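Beneath this line is the structure, given in structure tokens, with notes to follow.
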Amino acid sequence: MTFQNELINWYQINKRDLPWRHTKDAYIIWLSEIILQQTRVEQGLPYFIKFLENFPTVNDFASATEAQVLKLWQGLGYYSRGRNMHKTAQIVVNNFSGVFPNLHDELLKLTGIGEYTAAAISSFSSGEARAVVDGNVFRVLSRYFGIDTPINSPAGKKQFFTLANELLYQDDPALYNQAIMEFGAMQCKPKSPNCGICPLSQGCFALNHQQVNELPIKIRKAAQRHRYLNYFICQEGNQILVRKRKAGDIWQHLYDFPSIETVNESALNEENFISSVKESFGQNTVFTHLTSRKHILTHQIIHLRFFVLKNYIFNFNKQKELNWVSLDKLDELPQPKVIHDFILEYL
DNA sequence: AAGACGGGGGA
DNA sequence: TCCCCAGTCTT
């Protein structure tokens, strides 16, 4: 049996029953594909269901506010996906009469849709012959064909993309694309793949050369950067001061609190730290430590400290991103996971 | 070509 | 700890 037929055969026996596999509706497939970018099926599935319930059609999605979209997205990470979906939904409504495109070249123009997602939506929705190349495909091809070009190098991406399209099963691109990804996710897993019961073991280069644990090759990224965010909780009766985060940093357009970033874990009684707080919030400012958190992102390790602030002064003309909200409305705002957890525990 | 961008889970 | 996850966008 050919490589392609082995994969398809394996898939038809072992595939999971996932909701987005029962439709060719480009809108629903788009929803699932964006949610599943860099996200495990188990983590994304509840969000897919929630989004489809709240936005049954692309028109419903486009009519929402960005804050409503981000609130639904809260906790899933990579929030630009949510913001880009909102933009794309509005483009589809305004420029495509609400009919979601299902051809590769049209999809690729939309924001948030790259090569992988354009191939996925177009093949699943319209049957277009475009090979998907995601983390699963890199791994399966790298191991089976013994390719040691780093998958995150430009040369590697080109090589794997070319090979994937040569291998694409022309009779049913959608079925083959599903099959190779599912095979990578469930059988040819990153750690301890089930080579003992693998239908492709005989022709697998990595297995036959004891390189299963070495392939695929990936270039290491730079170490994480440490950041120290000091948050200030300002409460007046039922009102609390929040900040909408701006472009150019993490958690764009999500809400947290006024803060001061320091270059290191400055001691609480350090003159330097005290004076910078007073410089920002007035000489009479008093702050007391409430709690601390550590939050780990892909490129940053964030050390958070929370303080209660009293006798402060804010210049709202200069800090337009600050706003008072009542405590009972606080949970309506989209928040970073670590901030949301803090609020649940302390407010 | 390299970095930035979240959060969760497995070994 | 480290790696990976149905990647994309920006610099």
Side-chain angles (χ1 to χ4, degrees), chain A residues 11 15-16 18-21 29-48 70 73-85 87-88 107-121 123-124 130-140 150-158 160-161 164 174 177-186 188-193 213-214 216-225 227 245 247-254 293-302 334-341:
Chain A
Y11 176 70
K15 67 180 173 188
R16 291 168 288 186
L18 300 172
W20 46 85
R21 289 186 175 155
I29 294 169
W30 168 71
L31 219 47
S32 72
E33 290 300 338
I34 304 295
I35 287 172
L36 292 174
Q37 287 169 4
Q38 294 292 286
T39 304
R40 291 170 201 284
V41 167
E42 309 85 74
Q43 190 189 2
L45 183 54
Y47 284 84
F48 170 79
L70 289 175
W73 201 272
Q74 180 176 292
L76 193 55
Y78 283 157
Y79 296 93
S80 65
R81 291 183 289 171
R83 290 187 280 107
N84 287 335
M85 285 183 99
K87 280 186 213 159
T88 286
L107 289 161
L108 202 50
K109 293 179 196 162
L110 298 170
T111 172
I113 298 180
E115 277 297 342
Y116 163 77
T117 306
I121 300 175
S123 68
F124 300 155
R130 300 281 185 166
V132 293
V133 185
D134 72 336
N136 295 307
V137 175
F138 277 120
R139 186 168 54 256
V140 172
I151 60 172
N152 55 347
S153 68
K157 282 176 185 165
K158 192 176 172 188
F160 282 93
F161 182 83
N177 277 339
Q178 293 278 11
I180 190 168
M181 287 196 289
E182 187 80 334
F183 181 80
M186 300 185 64
C188 195
K189 296 178 292 184
K191 305 284 181 187
S192 52
N213 293 323
E214 280 65 54
I217 304 286
K218 199 169 183 178
I219 302 167
R220 272 186 215 293
K221 301 266 172 97
Q224 291 160 304
R225 172 168 68 107
R227 293 178 71 180
R245 296 188 64 89
D249 201 354
I250 57 173
W251 300 328
Q252 194 174 325
H253 295 189
L254 273 62
R293 290 273 193 289
K294 188 165 91 170
H295 191 66
I296 298 174
L297 307 181
T298 303
H299 296 295
Q300 303 180 14
I301 298 175
I302 308 197
Q335 301 142 5
K337 179 71 163 63
V338 65
I339 297 295
H340 187 247
D341 289 348

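Numbered from 1 within each chain, the chains take letters A, B, ... in sequence-line order. Here the structure is a predicted model, which is why all the values come from computation and not from measurement.
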- Query: Are any side-chain N or O atoms of Thr111(A) and backbone N or O atoms of Thr88(A), one a donor and one an acceptor, separated by less than 3.5 Å?
  - Reply: no
- Task: Take atom C1' in dC5(B) and the same atom in dC5(C), then report the distance between them in whole Å.
- Result: 14 Å
- Decide yes or no on side chain to side chain contact (heavy atoms under 4.5 Å, CB included) for Ile180(A) and Tyr11(A), but give the supporting numbers first. CA-CA 8 Å; Ile180(A) 190 168; Tyr11(A) 176 70; over 6 Å; no
- Enclosure of Lys158(A) NZ (heavy-atom neighbours >12, cutoff 6.0 Å): no
- Message: Measuring to OP1 and OP2 of dC4(C), would you say a side-chain N or O of Arg139(A) lies under 4.0 angstrom away?
- Response: no
- Task: Would you indicate what Trp73(A) reaches in the nucleic acid, counting non-hydrogen atoms under 4.0 angstrom: base, sugar-phosphate, or nothing?
- Result: nothing
- To the nearest angstrom, the CE-C1' distance between Met85(A) and dT8(C) comes to 13 Å
- Query: How many Å lie between CG on Leu36(A) and C1' on dT8(C), as a whole number?
  - Reply: 15 Å
- Message: For the backbone of Leu110(A) and the side chain of Asn84(A), can you confirm whether one donor and one acceptor N or O come within less than 3.5 Å of each other?
- Response: no
- Message: Under a 3.5 Å cutoff, is there a donor and acceptor pairing between the side chains of Tyr116(A) and Gln37(A)?
- Response: no
- Message: Pairing check on dG6(B): which nucleotide meets the Watson-Crick or G-U wobble criteria with it, both distances under 3.5 Å?
- Response: none
- Query: With a non-hydrogen cut-off below 4.0 angstrom, is Thr117(A) in contact with a base, only sugar-phosphate, or nothing?
  - Reply: sugar-phosphate
- Item | P atoms of dG6(B) and dT11(C), separation to the nearest Å | 15 Å
- Using the side chain to side chain contact (heavy atoms under 4.5 Å, CB included) rule, take Asn152(A) and Phe138(A) through it: C-alpha gap first, then chi angles, then the decisive distance, then the call. CA-CA 10 Å; Asn152(A) 55 347; Phe138(A) 277 120; over 6 Å; no
- Message: How many whole angstroms separate atom OH of Tyr47(A) from atom C1' of dA6(C)?
- Response: 17 Å
- Message: At under 4.0 Å between heavy atoms, how does the protein contact nucleotides 2-11 of chain B? Give one character per nucleotide, 5' to 3', with B, S or -.
- Response: --BBBBBB--
